[in-house]
Peer 1: 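Sharing a structure here in structure tokens format.
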Amino acid sequence: MGEASCAAKGDVVHQEITRWFGQQARDLPWRRGCSAWGILVSEIMLQQTPVVRVQPVWEEWMERWPTPADFAAAPAADVLRAWGRLGYPRRALRLHAAAARILEEHDGAVPDTYPELLALPGVGTYTAAAVAAFAFGRRTTVVDTNIRRVHARLVIGQALPAPALTAAETALATDLLPEDADESVLWNAAVMELGAVICTARSPKCDLCPVLDKCAWIAAGQPEPTYIPKGQPWAGTDRQVRGAVMAVLRAASSPVHADLFWDSVAAQVHAETAPALRKLHDLNTHAPQLERALAGLLSDGLAQLSETGYHLPH
DNA sequence: TAGACGTGGCG
DNA sequence: TCGCCAAGTCT
């Protein structure tokens with residue numbers, strides 16, 4: 001596809017998608033003109049985690065720790081408990097480290113450039129671009145899973161983007177980005193929203209799509225994906241045990257002795273789904289798995305060990 | 001660069 | 001019911 005056709009297509013599609021966004025955008029708390037800190041917190045929480053689960057935690061978080069300084073002063077255990085069941089708790093620790101860095105190196109203010117944001121713990125290319133755009137109005141190329149999927153269908157004509165982000169995808173996203181900064185911010189948000197609400201991975205709502213008649217995937221007859229997405233194993237994995245251990249530690253008011261850990265973790269796992277149980281019912285004969293999980297949590301700084309047992313970090 | 005890393009809702 | 005999938009990052 002040549003540059004001219006992309007640019008021409010971009011102009012038409014731009015109007016329709018941004019107009020749709022203006023009318024249909026979800027009313028999310030971090031879209032109501034919150035601080036850059038609020039945007040950063042939302043972006044970290046939203047990594048691999050649905051909006052509906054993030055929203056209540058974000059609300060409590062911002063009330064409790066309205067600035068990076070407030071948050072940096074909190075004990076790690078409080079941070080991990082407040083994170084609750086959002087998942088991937090290492091994100092909470094990295095955000096904590098990022099807040100400390102913001103205090104030390106940026107005078108307590110979230111930095112406003114892409115490279116400075118990218119240097120913060122837990123902030124990768126997506127989050128750095130998103131914060132630069134949505135918190136500071138900068139023209140940056142934002143590429144997340146939603147945007148990748150919309151581009152794959154609308155422009156390329158494929159059901160799904162490649163398994164991993166390619167340079168070509170980033171180049172396409174940059175090519176489609178409006179020159180004007182304000183328009184680019186709106187465009188990034190609008191395409192992301194379209195992917196999240198209409199152009200979804202499974203059963204997309206094409207009948208509600210504002211650019212259905214411009215979609216290359218529709219024009220091609222909605223071809224099937226060209227590869228099978230890898231599954232994400234869970235039941236019976238170390239990850240499940242880590243999750244169960246973390247749930248026990250968050251609930252504990254005092255250190256949990258190693259000898260008692262299995263009973264606590266088993267009770268936690270017992271509360272989970274039947275398939276998980278099936279894989280794990282004999283896990284107590286596999287103490288090495290629990291040992292691996294504990295060792296991993298220790299080395300990740302998510303847990304600490306003292307004479308009386310395991311506990312959340314101070 | 002492929003694999004590890006939580007969790008819960010939905011089709 | 002069970003596998004897919006969600007605003008990724010790090011090693």
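Any value given below was found using the heavy atoms of this structure, including those in side chains, with hydrogens, waters and symmetry copies removed. Letters A, B, ... are given to chains in the order of the sequence lines, protein chains preceding strands, and every chain is numbered from 1.
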Peer 1: How long is the line joining CE of A:Met45 and P of B:dC5, in whole Å?
Peer 2: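 In whole Å, B:dC5 P lies 22 Å from A:Met45 CE.
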Peer 1: Would you say CD of A:Glu63 has more than 12 non-hydrogen atoms from neighbouring residues, nucleotides or ligands within 6.0 angstrom?
Peer 2: no
Peer 1: I need the NZ-P distance between A:Lys205 and B:dC10, as an integer number of Å.
Peer 2: 11 Å
Peer 1: Judged by modelled atom types alone, do A:Gln240 and A:Thr237 share a side-chain donor-acceptor pair under 3.5 Å?
Peer 2: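 No, no side-chain donor-acceptor contact under 3.5 Å.
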Peer 1: Taking the C1' atom in each of B:dA2 and C:dA7, what is the distance between them to the nearest angstrom?
Peer 2: 23 Å
Peer 1: Hey, which of these two, A:Arg250 or A:Ala164, hits DNA chain B nearer its 5' end, going by closest nucleotide?
Peer 2: A:Ala164
Peer 1: Report the distance from atom CG of A:Leu93 to atom P of B:dC5, rounded to the nearest whole Å.
Peer 2: 15 Å
Peer 1: Backbone N or O of A:Thr166 within a donor-acceptor pair of the A:Glu169 side chain at under 3.5 Å?
Peer 2: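 Confirmed, A:Glu169 side chain pairs with A:Thr166 backbone.
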Peer 1: Counting heavy atoms not belonging to A:Asp207, are there more than 12 under 6.0 Å from its CG?
Peer 2: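 Counting neighbours around CG of A:Asp207, more than 12 heavy atoms of other residues, nucleotides or ligands fall under 6.0 Å, so yes.
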Peer 1: Could you run down nucleotides 4-11 of chain C 5' to 3' and tag each one B, S or - for protein heavy-atom contact under 4.0 Å?
Peer 2: BBBBBSS-
Peer 1: Classify the nucleic acid contact of A:Leu86 as base, sugar-phosphate or nothing, counting any heavy atom under 4.0 Å across all strands shown.
Peer 2: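 Since a base atom lies under 4.0 Å of A:Leu86, the category is base.
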Peer 1: What distance, rounded to whole Å, do you find between the two P atoms, one in C:dT11 and one in B:dG6?
Peer 2: 14 Å
Peer 1: Could you work out the separation of B:dT1 and C:dA6 based on their P atoms and round it to a whole Å?
Peer 2: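 Comparing P positions in B:dT1 and C:dA6 gives a spacing of 22 Å.
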Peer 1: Which heavy-atom pair separates A:Met246 from A:Leu80 by the least distance, and what is that distance?
Peer 2: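 That closest heavy-atom pairing would be CE-CD1, 4.4 Å.
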Peer 1: Starting from A:Val143 and following side-chain heavy-atom contacts under 4.5 Å between hydrophobic residues (I, L, V, M, F, W, Y), which residues can be reached?
Peer 2: A:Leu165
Peer 1: For a quick test of reading the model: is some side-chain N or O of A:Arg242 closer than 4.0 Å to OP1 or OP2 of B:dG6?
Peer 2: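 Yes, within the criterion.
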